[in-house]
Amino acid sequence: MRDPKEQSASDSATAVLHVGGQHRASSRRILINGLRHRPGVLAVEPNPVAQTATVTYDPARTSVSDLCTWVHDCGYRCAGRSTPNHLCDPMSGPATHADHPSGSRHDTGDSAPDHPDAKPGTHHGGHASMSMDSMARDMRDRFLVALVFSTLVMLWSPMATHMFGLHLPTPFGMRADIWMLILSLPVIFYSSTIFFTGAWKALQAHTLDMMVLVAVGIGTGWLYSLYITCTGGGEVFYEASTMLATFVLLGHWFEMRARSGAGDAVTSLLDLSPPKAVVLHDGKETEAPTADVRVGDVLVVRPGSKIAVDGTVLEGSSDVDESMVTGESLPVHKQPGSAVIGATINTTGSLRVKATKVGSDTALAQIVELVQQAQNSKAPGQRLADRAAFWLTLVALLGSLTTLVVWLLVGASLSKALLFAITVVVVTCPDALGLATPTAIMVGTGLGAKRGVLFKNATALEDAARIDVVVMDKTGTLTSGKPEVTEVVTAHGIDTDRMLAMAAAVERESEHPLAEAIVDYAKDHGAQTLSVEAFQNVAGRGAKGTVDGHHVLVGNRGLLDTEHIDLGDLAKQRDQLAASGHTAVLVAVDGRAQAVIALADAPRPTSAAAVQALHELGVGVVMLTGDNNGTAERIAHDLGIDTVIADVLPKDKADRIADLQHSGKKVAMVGDGVNDAPALARADLGIAIGAGTDVAIQTADVVLMRSDPFAVSTALRIGRGTVHKEHQNLGWAVGYNGIALPIAAGCFAHWGLTMRPEIAAMAMSGSSLIVALNALHLKRLSLPAEPPQR
C-alpha cells in the first residue's frame, strides 16, 4: 500500500465512509486487504468501533462511488453519497471529511447534492448502513433464537442425563441425536450465519480472524455430529456447537452495547444543535429548520433558547452559557458586536444575531469533525495489536490441529481429541486484542471534547501521555495579551483620585492600549469623568492636553524631558518598576511630576493554577517569549514557572524546542499566534489556544476550545488515562490467552482442569466484554476541578 504522504496535496482526496456490518475488530484487516490494491486507493483506515472507514485516494483514478462498490464486494454495507451541508446522525456517518494529513483537498463526489446549497466535498453516511445499535439488536435476536433452541438441545443431550438424570422422550420415538439435529438447525442456519459469512469474507480477503475461528469451532462440531448421526448414531456434539454459538452471540451482544457507548460524545455534541431557529424576515418572525438558515439571516434568540448558528450580536445584551461547546464554566456576557457560537444557550436577555457561519462551517460542526477525525485515525499501538491478532489467529488454528493430533497419538478417542481441538480454536480468539486500542481512543477523544480539548488524531492522544516538559508562549497564552494597571505611585501630597481623573481625561482621546488600560483603571476606581481640551498626541512618547485649566502630560520619560520636568523622588520608583518588567507611564500636571502608573501584561486568572496542575503531573514548565528577561522573570516568578527563555525571536522559537528535545525531553508547545506555528510543528505535541490564529490551530495536534492554559493539564491527563487503559486492555488480552490456551488444550486434564467449547466461548466473549467495559470506564477519569475564570 502506498504511503499517502507520497501524494501531493493537489492529487489526493480523503473520504470517510460509513461502513456498516463491521461486527468485529477483525473487520479492519478484511477491509484493508479488500481495498488497498484497488486502483487509486492510497490508504485505508477502518474503524469497527465507529463503523467507518477513512480512505485516502487519487480522484483522477477512482471515486467515492467506486470505493462504496469495493466495500460492498468485501461484504459490508457502505454509504458515501454527498448530502446536505448540515450535521447528521453520527451513527449514520460522519458529518464531514477528515482532512488528509498533507492538507489534500476533499473529493467533490460523483452524485449531485441533495440540497441546493450543499457544499461539494462533504460526504456523509446515509441510513443504508447498519449502526452499532442496529447491529446490537440484530445480535440480540440471533442470541435469543440460539438460546431457546440450544437449551432444548441440552435437555436431550447426554450431558443432561449425566448431570441431572433427565430422560425425556423424543417425538415419534426418534433417536435422540436425530431430534437434537433438528433442534440445532435454527441455531446453525440462522443464528450462526453471521460467523460463516464473516469467515468467508476473511478468507476471500486472504486473512484469518475471529470469525474464522468461531466458524471452525461451530462448523467442525456440528458437521462431525451430522456425520455420526447419518452413519448410525454415537457420541455427538450438537449441544456443544449450539451452546458455543449462544455464548459467543451473548458476548457479542453485550460487547456491542458497550461499544455503542464509546460514541456517546459525538452523539451528545450533535444533539446540542437546535432543530429550529426564529428568523426575522421583513420584520416578521418565522420559525425555520436550522438547516435552512443562511449566512446573513437575522435570528431572534430569546432567554432560555439555544443560538442556532454562529453569528454576531446586532441588538441586545445577555449572558450566554458556552460550557457545552467550549467548556467555559461561567456565562459569557454578549453585547452588540460580540461573537456567539451555535448550540450555546442564551440565559438572560433577548438577542438579535446575524448568522455568519452555518452548516459545516459552524464551530460545533468543526468540533464534531475533529473528534470524528481523531476517532477514525489509527493509533501507533493499534498497528502492533493488528499484527498480533493475525498471528494469534494462525497460532489458534495450528494449536487446534496440534492438539487434535497429540491427543490421538496418546490414545484418546476421536470425539475427545476433537472436543479439545474445538475448545482451543474458540478460547484463543483475538478479538479482545483488536478492540483494546480503538475503543479507548474513542472514549478518550470524546472525553476531551466534553472538556473543550480537541485531539486531532489518535497519535496526538498517545503523545500527550508521554510529555514531560510543556513550553508555553507568554503573550496570549499565560497572559491575556492586554496591558493592565498593576500599581500607582504618587508624589507626596498628591490626591490619587484627582490625578487619575485628569490622566484618564487625556488618555480617553488616545487609541493606544496603554491609554485604554489607564482609562479602565480610573473608571473601576470611581475617578471623576473630566473633559480635555487642546488634546495632542505625541508619537512614541504619549499625549497631552488641558483639563479643567491644568496642563496635563501622560507618557514616558522622554515626554516629560521635552517639557524639562524633573521626576524628583518618582525617578527611583520609575526605575524600579521598569527593572521589574513593568511599563512605567508618568503623569505631570502644570510642570510637576505627580505619579508613576505601572502597567503590565497580566497573567490569566488560571495561569498559576495551570502551572501547579502540570507540576502535580510531574511535568516541567518552560516560558518561551520574545519579551525582555526582566518582564519574563516577573511573570515566571508570579506563576511558579521553572525555566524562562526570553529575548527569543519568532524564527528561533522552533530551535529552542529542538534544544529541549535533544536533551531527551518529550516536549509540548502551547501557543496562539502566527509566530508560534513553527514551534508548534516542531514540538512532539503542538497545543493551540482556541482563541489563537487559524494557522496556529491548523499546525497544532491539540486545540483548546478556549483561551485557558489550565486545559493543558486536562489534555495530558486524558492522554495518560487513555494510554493506561490501552495498556490494561492489551495486557489483559495477552494474559488471558496465555492462561486459557493450555487449559483448553487439556494440558491440565490429569488434574481435572479442563474446558468444554461452550465454556471457552463464555471465557472468550467475557474477555472481549471486559476490554470494552474497561475502556468505557475511562469516562470516569478523575479530572481536577477547573479554577474560576474570573
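Residue numbers count from 1 along this sequence.
For Asn346 and Ser318, the side-chain atoms include at least one donor-acceptor pair closer than 3.5 Å. There is a side-chain donor-acceptor pair under 3.5 Å between Asp684 and Gln661.
Contact annotation: the side chain of Lys544 approaches that of His551 to within less than 4.5 Å [non-hydrogen atoms, C-beta and beyond]. Taking the side chain as every heavy atom from C-beta outward, Leu624 and Val648 approach each other to under 4.5 Å. At a threshold of 4.5 Å between non-hydrogen side-chain atoms, the residues Val703 and Lys456 count as touching. Considering only heavy atoms from C-beta on, Asp561 comes within 4.5 Å of Arg557 through its side chain. No side-chain heavy atom of Thr445 sits less than 4.5 Å from a side-chain heavy atom of Leu447. In this structure the side chain of Thr606 reaches within 4.5 angstrom of the side chain of Pro709, judged on heavy atoms. Between Val554 and Leu586, every side-chain heavy-atom pair lies at or beyond the 4.5 Å cut-off.
With Ser607 contributing its side chain and Leu478 its backbone, the two residues share a donor-acceptor pair below 3.5 Å. Counting only distance, with no hydrogens or angles, the side chain of Asn457 and the backbone of Thr459 share a donor-acceptor pair below 3.5 Å. Under the 3.5 Å distance criterion, the side-chain polar atoms of Asp297 are matched with a main-chain donor or acceptor of Arg294. Remark: side-chain polar atoms of Thr479 are paired, donor with acceptor, to backbone N or O of Lys474 under 3.5 angstrom. A donor-acceptor pair is defined here as one N or O able to donate and one able to accept, closer than 3.5 Å; no such pair exists between the side chain of Ser338 and the backbone of Val313. Without hydrogens or angle criteria, Asp468 side chain to Lys666 main chain gives a donor-acceptor distance under 3.5 Å.
Every residue two or more places apart in sequence or in another chain that forms a salt bridge (charged side-chain N to carboxylate O under 4.0 Å, His left out) with Arg498 is listed here: Asp548. In this view, Arg682 satisfies the salt bridge (charged side-chain N to carboxylate O under 4.0 Å, His left out) rule with no residue, not counting sequence neighbours.
By the 4.0 Å N-to-carboxylate-O rule, Glu322 lies close enough to Lys334 to be salt-bridged with it. Taking the charged nitrogens against the carboxylate oxygens, Glu285 and Arg302 do have a contact shorter than 4.0 Å, which makes a salt bridge. Comment: Arg656 engages Asp659 in a salt bridge, judged by a side-chain N to carboxylate O separation of less than 4.0 angstrom.
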Note to self: Does Asp642 form a side-chain hydrogen bond (donor to acceptor under 3.5 Å, both in side chains) with His615? I'd like the steps, not just the answer.
What the structure shows: CA-CA 9 Å; Asp642 307 309; His615 284 160; 2.9 Å; yes

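Residue pairs meeting the ring-ring contact (aromatic ring centres under 6.0 Å, His included) criterion with at least one member in residues 483-536, sequence neighbours excluded, are Tyr521-His525.
Partner of Val596 under the side-chain contact (heavy atoms from CB on, under 4.5 Å) criterion, chosen from Val585, Leu567, Leu570: Leu570.
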